[in-house]
Amino acid sequence: MAVRILVGAAWGDEGKGKIVDFLSERADIVVRFQGGANAGHTVQIGDQEYILHLIPVGILRQDKACVIGNGTVIDPEALMEEIEMLGSHGIDVEGRLFISHNAHVIMPYHKLIDRVGEEQLQEEERIGTTGRGIGPAYADKAARKGIRIGDLHDRSVLREKLQRNIDEANRILDAIYQAETLDADRIIEEYMAFADRIGPFVTNTSEYLNDAIDADKEILFEGSQGTLLDVDHGTYPYVTSSNTTTGAACMGAGVGPTRIDEVIGVAKAYTTRVGNGPFPTEFPSRWGDEFRRMAGEFGATTGRPRRCGWFDAMVVRYAVMVNGIDRLALARLDTLDTLQTLRLCVGYRLNGEVVPHLPNDANVLRRCEPVYEEMEGWDRPTGHIRTWDGLPKEAQAYIERISELVKAKVDLVSVGSHRDATIFM
Ligand code: IMO
Ligand code: MG
């Protein structure tokens with residue numbers, strides 16, 4: 001049985017939710033290893049659409065176990081909402097959701113500092129975060145001030161740590177941001193109550209996963225965000241605050257790299273980005289607005305309009321390299337059904353010179369001009385197609401050209417949001 005890591009090959013929202021749902025049919029355990037409720041993973045089952053932010057998508061299949069690993073940052077409020085949302089659809093998480101005792105907790109001050117920090121920047125300086133407290137929570141983790149899930153169980157430790165952190169957060173909110181401050185006692189009470197509710201799910205998930213691998217279970221790691229949002233390998237500072245690339249799966253779950261069998265990347269048949277930062281193949285605004293409406297490209301977490309552009313082979317080839325991607329899944333091919341001509345970005349030019357590799361320095365990338373190759377569109381619906389041979393020859397050519405350019409075989413294509421709208425080669 002295999003251990004697989006799935007990661008986003010661009011700026012997030014690649015369609016990971018749908019692909020994880022499809023692949024999890026064969027998995028025993030699905031694992032989130034980084035990020036928090038900034039993710040928005042959308043899955044369509046029958047008439048029902050589910051958007052998951054924190055719990056792995058595998059939870060939608062009743063016989064799967066799900067792990068939220070130590071590398072994540074957990075907002076207990078968001079977690080409880082998600083568990084309730086699932087419960088209202090008859091999906092019970094008891095006995096099959098496992099949360100790492102070492103994951104960090106997102107506190108109200110993280111969310112507040114995330115939001116007011118962004119508000120106080122000039123428009124062009126803003127990252128455009130999801131406002132979910134992700135950056136400040138990871139900052140506290142690195143500064144060794146964070147509160148971990150395990151701390152929630154020791155009331156005196158929790159009270160002491162929270163009191164100290166809230167006092168400090170209040171000084172920052174007051175002096176730097178002139179923002180409202182927080183009521184320490186109320187937060188302490190609230191989070192002690194969360195501790196009782198989260199308690200049954202908490203365990204040493206590294207032990208749990210390594211035992212499962214020893215027992216030959218099939219495991220799927222569900223990446224969130226995307227390679228270009230990685231805090232090291234992405235378009236810093238326009239990134240999220242965690243590592244989103246494959247190495248993070250080992251670190252964020254406590255599983256060694258020798259136990260990983262395969263890495264799957266997910267890319268969309270075009271490119272999107274939500275939030276600020278360079279995006280070389282972005283459509284000009286009028287056509288971009290039209291495309292967004294046609295494609296329904298609005299954020300699953302914040303509802304913000306996503307920026308849209310042509311497929312960028314420079315970006316995906318870079319993702320193939322830094323993640324060691326073995327196979328690529330291409331999502332939302334059907335969205336391109338009505339276009340007469342398609343463009344693929346095959347390279348960049350900077351000051352008239354060809355750029356051989358993707359520069360992940362935001363200031364350099366911003367100045368890169370895409371070099372396009374034009375391809376004929378297929379101009380007919382593909383949503384009903386279930387086999388490679390059934391695809392129009394122009395669509396086959398488009399996919400094959402992508403495989404060639406990014407140096408990874410595309411072996412799964414999604415042509416719709418439903419589970420069965422999938423072509424597996
Ligand atoms: P999924 O898992 C797309 C973006 C935000 C912002 C930057 C930093 O659905 O692919 P943060 O709140 O993380 O500090 O914001 O990262 N971002 C995402 N963009 N998909 C996501 O998740 C994202 N999670 C964060 O828009 O630009
Ligand atoms: Mg998303």
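One-based numbering, in listed order, for ligands and for the atoms of each. Here, residue 1 is the first one in the sequence, and each next residue gets the next number. The structure presented is a predicted model; accordingly, all values stated were derived computationally and were not measured.
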>> Restricting to distances shorter than 2.8 Å, give the number of protein N, O or S atoms close to the Mg ion (ligand 2).
In response: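 Counting protein N, O and S atoms closer than 2.8 Å to the Mg ion (ligand 2) gives 2.
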Give every pair formed by an N or O atom of ligand 1 and a protein N or O atom closer than 3.5 Å, one pair per line with both atom names and the distance to 0.1 Å, or write none.
from	atom 1	to	atom 2	distance (Å)
ligand 1	2 (O)	His41	NE2	2.7
ligand 1	2 (O)	Gln225	N	2.8
ligand 1	9 (O)	Asp13	OD1	3.1
ligand 1	9 (O)	Gly40	N	2.9
ligand 1	9 (O)	Gly40	O	3.2
ligand 1	10 (O)	Asp13	N	2.7
ligand 1	10 (O)	Lys16	NZ	2.6
ligand 1	12 (O)	Thr130	N	2.8
ligand 1	12 (O)	Thr130	OG1	2.6
ligand 1	13 (O)	Asn38	ND2	2.9
ligand 1	13 (O)	Thr240	OG1	2.6
ligand 1	20 (N)	Asp13	OD1	3.1
ligand 1	20 (N)	Asp13	OD2	3.4
ligand 1	24 (N)	Gln225	NE2	3.1
ligand 1	26 (O)	Gly128	O	3.3
ligand 1	26 (O)	Val274	O	3.0
ligand 1	26 (O)	Arg304	NH2	2.8
ligand 1	27 (O)	Val274	O	3.2

Any donor-acceptor N/O pair, [X] side chain to [Y] backbone, under 3.5 Å:
X      : Y      : value
Glu297 : Thr272 : no
Arg367 : Leu350 : no
Thr205 : Gly69  : no

> Around atom NZ of Lys217, are there more than 12 heavy atoms of other residues, nucleotides or ligands at under 6.0 Å?
Replying inline: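 Result for NZ/Lys217: open.
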> Which residues satisfy the side chain to side chain donor-acceptor pair (under 3.5 Å) test with Thr227, sequence neighbours excluded?
Replying inline: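 For Thr227, the residues satisfying side chain to side chain donor-acceptor pair (under 3.5 Å) (neighbours in sequence not counted) are Asn323.
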>> Holding to side chain to side chain donor-acceptor pair (under 3.5 Å), I want the full list of residues that pass it with Arg304, two or more places apart in sequence or in another chain.
In response: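 Only Thr302 meet the side chain to side chain donor-acceptor pair (under 3.5 Å) criterion with Arg304.
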> Should Leu6 and Lys16 be marked as a side-chain contact (heavy atoms from CB on, under 4.5 Å) after you check the CA-CA gap, both sets of side-chain angles, and the distance that decides it?
Replying inline: CA-CA 8 Å; Leu6 178 143; Lys16 296 180 292 292; 4.0 Å; yes
> Between Asp312 and Thr271, does any side-chain donor sit less than 3.5 Å from a side-chain acceptor?
Replying inline: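 No.
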>> Can you see whether Gln225 engages Asn38 through a side-chain donor-acceptor pair at a distance of less than 3.5 angstrom?
In response: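 Asn38 and Gln225 do have a side-chain donor-acceptor pair below 3.5 Å.
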